[in-house]
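Note sheet for the following structure.
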Amino acid sequence: MASVSLPAASTQPALPSGIAVFKTVPYAFILPEVLCGTWVWILVAATSVSFPLLQGWVMYVSLTSCLISLLLLLAYILGFHKNSEKWKVLDSLYHGATAILYMSAAVLQANATIRSEFSPNSPLYYQLNCAASFFAFITTFLYILHAFSIHYQ
């Protein structure tokens with residue numbers, strides 16, 4: 001006789017809400033993403049923006065992704081997701097797309113940094129651009145980690 005087995009319990013972990021967001025690995029990356037993205041925007045804005053086409057894209061990507069990530073963090077903290085699996089897909093797609101956009105912004109900021117090395121106001125703006133490039137690549141890495149950790153969860 002064939003034995004009847006009970007359906008297996010779902011192995012998918014529940015989406016965190018409240019303070020648990022900061023203790024769960026993929027979602028704990030959101031706050032550092034927001035903080036590092038804010039530093040990118042502040043540091044680029046503190047320069048003279050000598051290359052508006054390059055640094056304009058950097059400022060757009062950093063500010064937009066910072067605001068959307070902040071809204072996503074608030075949605076997780078307040079529990080708007082109601083433990084729906086669609087939120088995992090939305091989160092993974094958002095962080096994957098933002099990682100690609102941030103990589104382009106980080107490369108453009110590095111290009112602006114190299115170009116600003118020989119500008120008349122070289123020491124101050126070059127250091128600010130170096131710091132902005134550093135934080136742009138760190139933020140890119142955080143978005144990539146978040147996207148892959150959601151995917152492999």
Side-chain angles (χ1 to χ4, degrees), residues 7-117 125-153:
S10 175
T11 59
Q12 295 289 340
L15 294 174
S17 303
I19 301 299
V21 171
F22 300 111
K23 298 177 183 177
T24 309
V25 168
Y27 309 101
F29 290 129
I30 297 177
L31 188 60
E33 291 164 2
V34 170
L35 293 176
C36 289
T38 303
W39 272 111
V40 171
W41 184 75
I42 289 170
L43 289 167
V44 172
T47 66
S48 64
V49 187
S50 304
F51 310 103
L53 189 60
L54 302 176
Q55 293 178 308
W57 176 249
V58 174
M59 290 178 73
Y60 172 76
V61 169
S62 63
L63 185 61
T64 304
S65 61
C66 179
L67 291 176
I68 293 173
S69 292
L70 188 61
L71 289 174
L72 191 63
L73 177 65
L74 288 175
Y76 277 120
I77 289 174
L78 298 175
F80 288 152
H81 53 75
K82 297 184 178 149
N83 218 8
S84 173
E85 286 297 316
K86 294 179 182 178
W87 276 83
K88 280 188 177 182
V89 174
L90 173 75
D91 194 1
S92 181
L93 289 175
Y94 165 70
H95 281 88
T98 305
I100 293 168
L101 293 176
Y102 237 109
M103 179 58 81
S104 70
V107 168
L108 290 176
Q109 179 58 37
N111 186 1
T113 301
I114 292 167
R115 288 182 176 191
S116 71
E117 184 176 11
Y125 293 141
Y126 179 69
Q127 292 171 355
L128 290 172
N129 281 324
C130 283
S133 296
F134 173 77
F135 280 109
F137 280 107
I138 293 295
T139 309
T140 302
F141 182 66
L142 288 170
Y143 276 105
I144 290 170
L145 280 177
H146 190 121
F148 278 117
S149 63
I150 285 286
H151 181 69
Y152 288 115
Q153 185 183 25

Quick check: closest heavy atoms across [X] and [Y], and the distance to 0.1 Å?
X	Y	result
Phe137	Met103	CE2-SD, 4.0 Å
Val49	Val44	CG2-O, 3.7 Å
Gly96	Ala147	N-CB, 3.7 Å
Val40	Ala136	CG2-N, 3.4 Å

Side chain to side chain donor-acceptor pair (under 3.5 Å) partners of Ser104, counting only residues at least two apart
Trp57
According to side chain to side chain contact (heavy atoms under 4.5 Å, CB included), who are the partners of Ile68, at least two apart in sequence or on a separate chain?
Thr64, Tyr94
Using the test side chain to side chain contact (heavy atoms under 4.5 Å, CB included), find all partners of Thr38 that sit at least two apart in sequence or belong to another chain.
Val34, Ile42, Cys66
Output all residues satisfying ring pair (Phe, Tyr, Trp, His ring centres under 6.0 Å) with His146, sequence neighbours left out; order by chain, then residue number.
His95
Holding to ring pair (Phe, Tyr, Trp, His ring centres under 6.0 Å), I want the full list of residues that pass it with Tyr76, two or more places apart in sequence or in another chain.
Tyr27, His81, Trp87
[atom1] of [X] to [atom2] of [Y]: how many Å apart, nearest 0.5 Å?
X	Y	atom1	atom2	answer
Asp91	Ile150	CG	CD1	4.5 Å
Cys130	Gln109	SG	CD	9.0 Å
Leu128	Thr47	CG	OG1	7.0 Å
Leu35	Ile138	CG	CD1	13.5 Å
Ser50	Tyr125	OG	OH	7.5 Å
Ile144	Thr98	CD1	OG1	11.0 Å

Is any side-chain heavy atom of Phe51 closer than 4.5 Å to one of Asn111?
no
Determine, stepwise, if the pair Asn129 / Gln55 fulfils side chain to side chain contact (heavy atoms under 4.5 Å, CB included).
CA-CA 10 Å; Asn129 281 324; Gln55 293 178 308; 2.9 Å; yes
Please list all pairs passing the side chain to side chain donor-acceptor pair (under 3.5 Å) test where one or both residues lie in residues 130-142, with sequence neighbours left out.
Thr113-Ser133
Start with the C-alpha distance between Phe135 and Ser62, add both sets of side-chain angles, then the distance that settles side chain to side chain contact (heavy atoms under 4.5 Å, CB included), and finish with yes or no.
CA-CA 10 Å; Phe135 280 109; Ser62 63; over 6 Å; no
Exceeds 12 heavy-atom contacts within 6.0 angstrom, atom CZ of Phe22:
yes
